[in-house]
Amino acid sequence: MDFHVNNLDLVPAGRSRIGWAEREMPVLRRIRDRFAAERPLAGMRIAACLHVTTETAALVRTLVAGGATVRLCASNPLSTQDDVAAALVEEQVGVFAIKGEDRETYYRHIRQALDLRPHITMDDGADLVTTVHEQRRDLLPGLAGGTEETTTGVIRLRAMARDGVLGYPIIAVNDARTKHLFDNRYGTGQSTIDGLLRATNLLLAGRVVVVCGYGLCGRGVAMRARGMGARVIITEVDALRSLEAVMEGYQVRPLARAAEEGEVFITVTGNRDVIRREHLERMRDGAILANSGHFTVEIDIASLEKMATGKQRLREYVDEYRLADGRRLYLLAEGRLLNLAAAEGHPAAVMDMSFANQALSVEVLAKGDPRLKPDVYPVPSAIDAAVARYKLEAMGIAIDTLTPEQQRYLSSWTEGT
Ligand code: NAI
């Protein structure tokens with residue numbers, strides 16, 4: 001079996017940490033038990049480009065229990081947990097991922113995952129799908145479909161569908177309500193703060209934190225930063241979301257103004273060049289810059305490099321840039337996803353729901369629905385509803401049900417006051 005990981009001595013550590021994560025993933029465990037009995041993925045080859053974390057290992061083990069052969073590569077060069085990669089290799093999963101791999105190795109690993117000649121692709125950011133379309137078009141006829149985990153990937157795939165170049169159907173897992181309302185908000189919120197604290201050991205109480213982008217991720221980060229006593233400023237380009245932030249009690253400002261006030265800046269927009277030279281020039285001495293959006297494009301690092309007269313690494317994830325006027329700016333985790341680079345990514349309990357959607361979407365694709373054309377599809381609403389129900393059950397939380405009269409009332413237009 002082909003694989004490329006850092007160190008197989010890390011197998012016991014990886015196995016133990018995967019077990020710890022799985023304790024928090026009851027919905028996925030339930031799906032795995034059914035998959036093991038029914039084997040709905042028998043004979044399926046799956047190439048997955050996902051953050052190589054303990055939670056992803058739990059997902060991969062679920063797919064394998066369903067009968068699939070899986071190859072896994074990283075969806076970010078810094079997010080791989082080397083012990084997890086090793087533990088999966090020991091379970092006969094072809095893993096191609098090493099924490100800190102360079103750009104060339106990152107893309108070579110993607111190509112090696114595709115050498116499996118998959119029936120299904122699983123992406124987090126659409127690098128696998130775009131590589132198929134640009135370099136491995138020979139694989140297109142054999143592809144039944146793919147899944148996409150994150151906002152940025154779904155945006156890229158919709159652009160491909162719009163331009164008529166998408167070659168096979170994709171299920172947008174990110175858009176399931178049991179995914180983005182929880183993973184993007186509570187997962188990114190908590191784990192970004194976790195990454196910030198692990199990288200810097202900063203006191204957040206009283207600190208001015210600027211969150212760029214008030215989408216699902218941004219509101220999670222803002223909420224958790226405020227919860228720890230930070231004074232939070234939001235920057236946005238969307239009027240409705242800005243208004244939501246205002247009514248939630250945050251300061252909302254253009255970044256040009258917030259740049260002068262902020263002590264910590266966190267980008268979560270999915271957009272490029274959000275923090276640019278004109279903003280860097282206004283920042284105070286000691287400002288900290290971090291990103292939790294998918295790609296390393298939100299902070300204009302090239303300008304920061306050009307402005308700097310010197311640069312040194314102070315801590316594992318903290319680079320100091322000294323500017324000509326004497327100010328120092330600190331970039332965390334090279335501008336990569338802070339929560340995955342400096343911490344461990346989302347907590348398992350939230351990935352339980354995201355990856356339950358993944359596993360059940362893969363099952364849909366494996367069944368092969370002739371109605372699925374090369375386009376981007378939502379997760380079937382029955383799956384979304386089932387994941388919410390399973391999660392509540394696992395948490396031991398019961399809810400009410402509608403009485404027959406209530407059902408009639410809600411579906412009728414004849415009943416008024
Ligand atoms: P979203 O679409 O809900 O929110 C993005 C927000 O950024 C929007 O409100 C948009 O108006 C705003 N925005 C765009 N350009 C801006 C600019 N120049 N300045 C200020 N605001 C701007 O997207 P979501 O789900 O919050 O995701 C954001 C990013 O985070 C994406 O790249 C996504 O893939 C990534 N992500 C990262 C995760 C992680 O583990 N770190 C987990 C989930 C998503």
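Just so you know, ligand 1 is whichever comes first in the structure, and atom 1 is the first atom listed for that ligand.
Shortest contact from atom 34 (O) of ligand 1 to any protein heavy atom: Thr150 OG1, 2.6 Å. Nearest non-hydrogen protein atom to atom 42 (C) of ligand 1 is Thr188 OG1, 3.3 Å. For atom 39 (C) of ligand 1, the nearest protein heavy atom (residue, atom name, distance) is Asn339 ND2, 3.4 Å. Of all protein heavy atoms, the one closest to atom 2 (O) of ligand 1 is Arg241 NH1, 3.7 Å. Closest to atom 4 (O) of ligand 1, if we only count protein heavy atoms, is Gly215 CA, 3.1 Å. Ranking protein heavy atoms by distance to atom 41 (N) of ligand 1, first place goes to Ser292 O, 2.8 Å. Among all protein heavy atoms, the one lying closest to atom 31 (C) of ligand 1 is Thr152 OG1, 3.3 Å. Remark: minimum distance from atom 19 (N) of ligand 1 to any protein heavy atom is reached at Val237 CG1, 3.7 Å.
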Does Asp124 form a side chain to side chain donor-acceptor pair (under 3.5 Å) with Asn76? I'd like the steps, not just the answer. CA-CA 9 Å; Asp124 187 334; Asn76 186 290; over 6 Å; no
Show the numbers, then the answer: is there a side-chain contact (heavy atoms from CB on, under 4.5 Å) between Val84 and Thr53? CA-CA 6 Å; Val84 170; Thr53 62; 5.9 Å; no
Please evaluate residues Glu91 and Val64 with respect to the criterion side-chain contact (heavy atoms from CB on, under 4.5 Å), reporting the C-alpha separation (whole Å), side-chain torsions for both, the decisive distance (0.1 Å), and the verdict. CA-CA 10 Å; Glu91 294 190 23; Val64 170; over 6 Å; no
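For ligand 1, the atoms sitting less than 4.0 Å from at least one non-hydrogen atom of Cys217 are 24 (P), 25 (O), 26 (O), 27 (O), 30 (O), 36 (N), 43 (C), 44 (C), numbered in the order shown with element in parentheses. The distance from ligand 1 to the heavy atoms of Asp238 drops below 4.0 Å at these ligand atoms: 11 (O). The contact set between ligand 1 and Leu337, taken as ligand atoms under 4.0 Å from a residue heavy atom, comprises 39 (C), 41 (N).
Inclusion of Leu216 in the set of residues having an N or O under 3.5 Å from an N or O of ligand 1 is warranted. Distances between N or O atoms of Glu298 and those of ligand 1 include no value under 3.5 Å.
The neighbour count for Arg272 CZ, taken as heavy atoms of other residues, nucleotides or ligands under 6.0 Å away, does not exceed 12. Within 6.0 Å of CZ in Arg177 there are 12 or fewer heavy atoms belonging to other residues, nucleotides or ligands. Residue-environment remark: CD (Glu22) exceeds the threshold of 12 foreign heavy atoms within 6.0 Å.
Taking a cutoff of 4.0 Å between a charged side-chain nitrogen and a carboxylate oxygen, Asp384 and Lys179 do not qualify as a salt bridge. Between Asp138 and Arg117, at least one side-chain N (NZ, or NE/NH1/NH2) sits under 4.0 Å from a carboxylate O, which counts as a salt bridge.
When heavy-atom distances to ligand 1 are checked against a 4.0 Å cut-off, Leu340 comes that close only through its side chain, counted from C-beta outward. Heavy atoms of His346 found under 4.0 angstrom from ligand 1 belong exclusively to the side chain. When heavy-atom distances to ligand 1 are checked against a 4.0 Å cut-off, Thr151 comes that close through both its backbone and its side chain.
Distances shorter than 4.0 angstrom do not occur between any heavy atom of Arg219 and any atom of ligand 1. Note on ligand 1: His180 sits outside its first shell, no heavy atom being nearer than 4.0 Å.
With rounding to the nearest 0.5 angstrom, the CG atom of Leu166 is 11.0 Å from the OG1 atom of Thr130.
Applying the salt bridge (Lys or Arg N to Asp or Glu O under 4.0 Å) test to pairs two or more places apart or on separate chains, those with a residue in residues 198-213 are Asp194-Arg198, Arg198-Glu344.
Qualifying side-chain contact (heavy atoms from CB on, under 4.5 Å) partners for Glu281, counting only residues two or more places apart in sequence or in other chains: Arg277, Met307.
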